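The block underneath contains the structure these notes are about, expressed in structure tokens.
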Amino acid sequence: MSNVFSKVKNIYQLFKSVDFKQLEALSQKVDLKEVMNQFSKLDEKQLAGLMKMVGGNKKVKELPPINGDFYELSDSLSPEDRALQLKVRAFMETEIKPIVNKYWNRAEFPHEIIPKMAELNICGLTYEGYGCPNRSFLMEGILATEMGRIDASIATFFGVQSGLAMGSIYICGSDEQKQRWLPKMQKMELIGSFGLTEPEIGSAAAGGLTTTAKRNGDTWVLNGQKKWIGNATFADVNVIWARDLDDNQVKGFVVEKGNPGFSVEKIENKMALRIVQNGLITLKDCVVTEENRLQNCNSFKDVAKVLQMTRAGVAWMAVGCARGAYESALKYTRERVQFGKPIASFQLIQNHLVEMLSNVTAMQTLVFQLSKLQDEGKLTDEHASLAKVFCTMRTRDVVSRAREVMGGNGILLEYDVARFVADAEAIYSYEGTKEINSLIVGRAITGFSAFV
């Protein structure tokens, strides 16, 4: 008797769950009796497959985390360094990412972020004294990647400030000059620029700058132009490299904001690094005191010390740009549905994603070792140049594939990848072109110089 009641109860529950309007509509399309007959012949595996095909028994698939550090290189950091990395990552994701496309599109700089960035206390990260943190080059590289992962323009702004401008004073300045400028630059109370490239002199800077310096007693008179100078439109201190007319050697000068012989015109209509305020500097009978000449710069070899140090940072920045593009593309492909499935489930898309990740991972392992060499005092020009060549070339490939898997949406700023594609072109060229850096490495491995 209990078995009968159980069957009646099950039938009652079945009737409650049936939508008779839907059942009636279905009966007009198919032979329900035949459908039930055929279904009754299916085994459990066949039924499960059929239900899966029609959308039954859906489960929310738990996807792996999006992480461009596939070999978990960050695990090798000390707890203190890891905490700083995550602090900078949080800053970039909460303060920069929400505003970056708006400023990039308008080619404007978000000056309001400078005090917030100063609170991170990471300016002049590797320098000792003058309020600087005195941390490792490895950590400096990791932070460059964290910035580049969100936006290469902000990473470039910071690289000019902390690396090129402060680095020039740190390496080539006297102790008095370091005391005068570095503490305020470390707090970002003073913003710096680095003026080496000229309208007609880029790769050939080592062979003869056209900007000149002529000593006149306790002052120097500078004449010439500098082009593509990041931060120049609003910098407080501008490091200018010029050729001394008396000995034909390169000298360094700090030209402060407001000098009547110094003027800047913003370079417009850029397709890359649009947030970076690049300037065309004109020096016309610009008078600079001997106190503002960098006392420990006597030739271009001293300038090269600064470039060697910062070129490694550009390689790290390229890694960040590539990683940001890869992670953005991966996220997009897991959410974008075509033909009823996320496109990340398609073989061709997965091939692109793996190619991207392979490049990013190879770049990361290379720059990790590069910075270890730098921390050990073993870094050479060719080490830095090889990293710059390889990482910027691979970044171009990564951003191209990221753009490809996103189809038409890949050219929209709202998906970020379009910005990475454009910015990768600038990173590829600045701080030494691929060709010049290749010749530096070629000279080291062959013993022959192929420079003109």
Side-chain angles (χ1 to χ4, degrees), residues 66-77 81 85 88-89 92 136-152 154-156 158-159 163 272-273 308-330 351-375 379-405 416-417 419-435 437-438 440-441:
I66 294 174
N67 178 19
D69 185 9
F70 195 66
Y71 279 7
E72 302 292 352
L73 295 172
S74 292
D75 285 354
S76 64
L77 300 178
D81 284 348
Q85 178 191 22
V88 172
R89 179 178 298 179
M92 293 300 295
S136 69
F137 285 105
L138 176 62
M139 197 63 223
E140 182 180 56
I142 287 170
L143 298 189
T145 288
E146 290 297 335
M147 292 183 189
R149 174 177 167 266
I150 299 299
D151 181 59
I154 297 301
T156 300
F158 185 79
L273 297 180
Q308 182 195 91
M309 176 183 68
T310 57
R311 190 164 287 150
V314 176
W316 277 97
M317 193 187 305
V319 175
C321 182
R323 180 173 174 178
Y326 161 72
E327 291 180 346
S328 296
L330 176 57
N351 181 67
H352 280 305
L353 292 170
V354 172
E355 290 277 2
M356 283 187 260
L357 181 60
S358 298
N359 279 325
V360 170
T361 303
M363 292 158 62
Q364 285 174 326
T365 53
L366 185 151
V367 292
F368 256 75
Q369 179 60 23
L370 178 75
S371 288
K372 286 182 179 179
L373 289 172
Q374 197 169 10
D375 282 322
L379 182 73
T380 64
D381 288 340
E382 52 267 28
H383 289 146
S385 290
L386 181 64
K388 208 279 183 174
V389 167
F390 180 78
C391 291
T392 55
M393 284 197 303
R394 293 303 92 210
T395 293
R396 270 179 141 191
D397 186 77
V398 171
V399 299
S400 176
R401 290 178 185 275
R403 152 75 182 90
E404 188 164 344
V405 301
D416 296 322
V417 165
R419 178 164 44 80
F420 288 123
V421 170
D423 290 346
E425 290 303 303
I427 300 172
Y428 180 72
S429 295
Y430 71 41
E431 289 260 7
T433 63
K434 182 256 183 186
E435 289 75 18
N437 279 302
S438 293
I440 291 172
V441 179

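Bear in mind the structure is a predicted one, so any value in this text is a computation, not a measurement.
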- In sequence, state the C-alpha distance, the side-chain angles, and the governing distance for Arg149 and Arg89, and then conclude on side-chain contact (heavy atoms from CB on, under 4.5 Å). CA-CA 9 Å; Arg149 174 177 167 266; Arg89 179 178 298 179; 3.7 Å; yes
Quick check: closest heavy atoms across [X] and [Y], and the distance to 0.1 Å?
X	Y	answer
Ala325	Ala402	O-CB, 3.7 Å
Met317	Ala152	SD-O, 4.1 Å
Glu72	Asn67	OE2-ND2, 3.4 Å
Leu143	Gln85	CD2-CA, 4.0 Å
Gly313	Ala144	O-CB, 4.1 Å
Ala384	Leu379	N-CD1, 4.1 Å

Without swapping roles, check the side chain of [X] against the backbone of [Y] for a donor-acceptor pair under 3.5 Å.
X	Y	result
Asp423	Leu273	yes
Asp81	Leu77	no
Ser76	Leu73	yes
Thr395	Ala318	yes
Ser385	Asp381	yes
Glu327	Gly68	yes

- Query: Does a side-chain heavy-atom distance below 4.5 Å link Lys434 with Thr392?
  - Reply: no
- Taking C-beta and beyond as the side chain, do Val399 and Val417 meet within less than 4.5 Å on heavy atoms? no
Without placing hydrogens or testing angles, list every side-chain donor-acceptor pair under 3.5 Å for residues 362-369, not counting sequence neighbours.
| unit_1 | atom_1 | unit_2 | atom_2 | d |
| --- | --- | --- | --- | --- |
| Thr365 | OG1 | Thr361 | O | 3.2 |
| Thr365 | OG1 | Ala362 | O | 2.9 |

- Mind checking what makes salt bridge (Lys or Arg N to Asp or Glu O under 4.0 Å) contact with Asp397, not counting sequence neighbours? Arg401
- Could you tell me whether Lys388 and Glu431 make a salt bridge, using a distance below 4.0 angstrom between a side-chain N and a carboxylate O? no
- Message: For Lys372, is there an ion pair with Asp375 - N to carboxylate O distance below 4.0 angstrom?
- Response: no
Rounded distance (nearest 0.5 Å) linking atom [atom1] of [X] with atom [atom2] of [Y]:
X	Y	atom1	atom2	answer
Leu373	Thr380	CG	OG1	8.0 Å
Glu140	Met309	CD	CE	7.0 Å
Phe390	Asn437	CZ	CG	14.5 Å
Ser371	Trp316	OG	CH2	5.0 Å
Ser328	Arg403	OG	CZ	14.5 Å
Ser400	His352	OG	NE2	8.5 Å

- Task: Assess whether side-chain contact (heavy atoms from CB on, under 4.5 Å) is satisfied between Ile440 and Leu386, documenting all intermediate values.
- Result: CA-CA 8 Å; Ile440 291 172; Leu386 181 64; over 6 Å; no
- Task: Begin from the C-alpha positions of Val441 and Val389 and carry the test side-chain contact (heavy atoms from CB on, under 4.5 Å) through to its verdict.
- Result: CA-CA 9 Å; Val441 179; Val389 167; 5.5 Å; no
- Item | Worked check of side chain to side chain donor-acceptor pair (under 3.5 Å) between Thr156 and Tyr430 | CA-CA 10 Å; Thr156 300; Tyr430 71 41; 2.9 Å; yes
- Do Ser74 and Asp69 have side-chain atoms, one donor and one acceptor, less than 3.5 Å apart? yes
- Message: Going by the rule side-chain hydrogen bond (donor to acceptor under 3.5 Å, both in side chains), which residues pair with Arg396 if we only count those two or more places apart in sequence or in a different chain?
- Response: Glu425
- Task: Could you check Asp416 against Phe420 for side-chain contact (heavy atoms from CB on, under 4.5 Å), going step by step and ending with a plain yes or no?
- Result: CA-CA 7 Å; Asp416 296 322; Phe420 288 123; 4.0 Å; yes
- With Val360 as partner, the option from Arg323, Arg394, Glu355 fulfilling side chain to side chain contact (heavy atoms under 4.5 Å, CB included) is Arg323
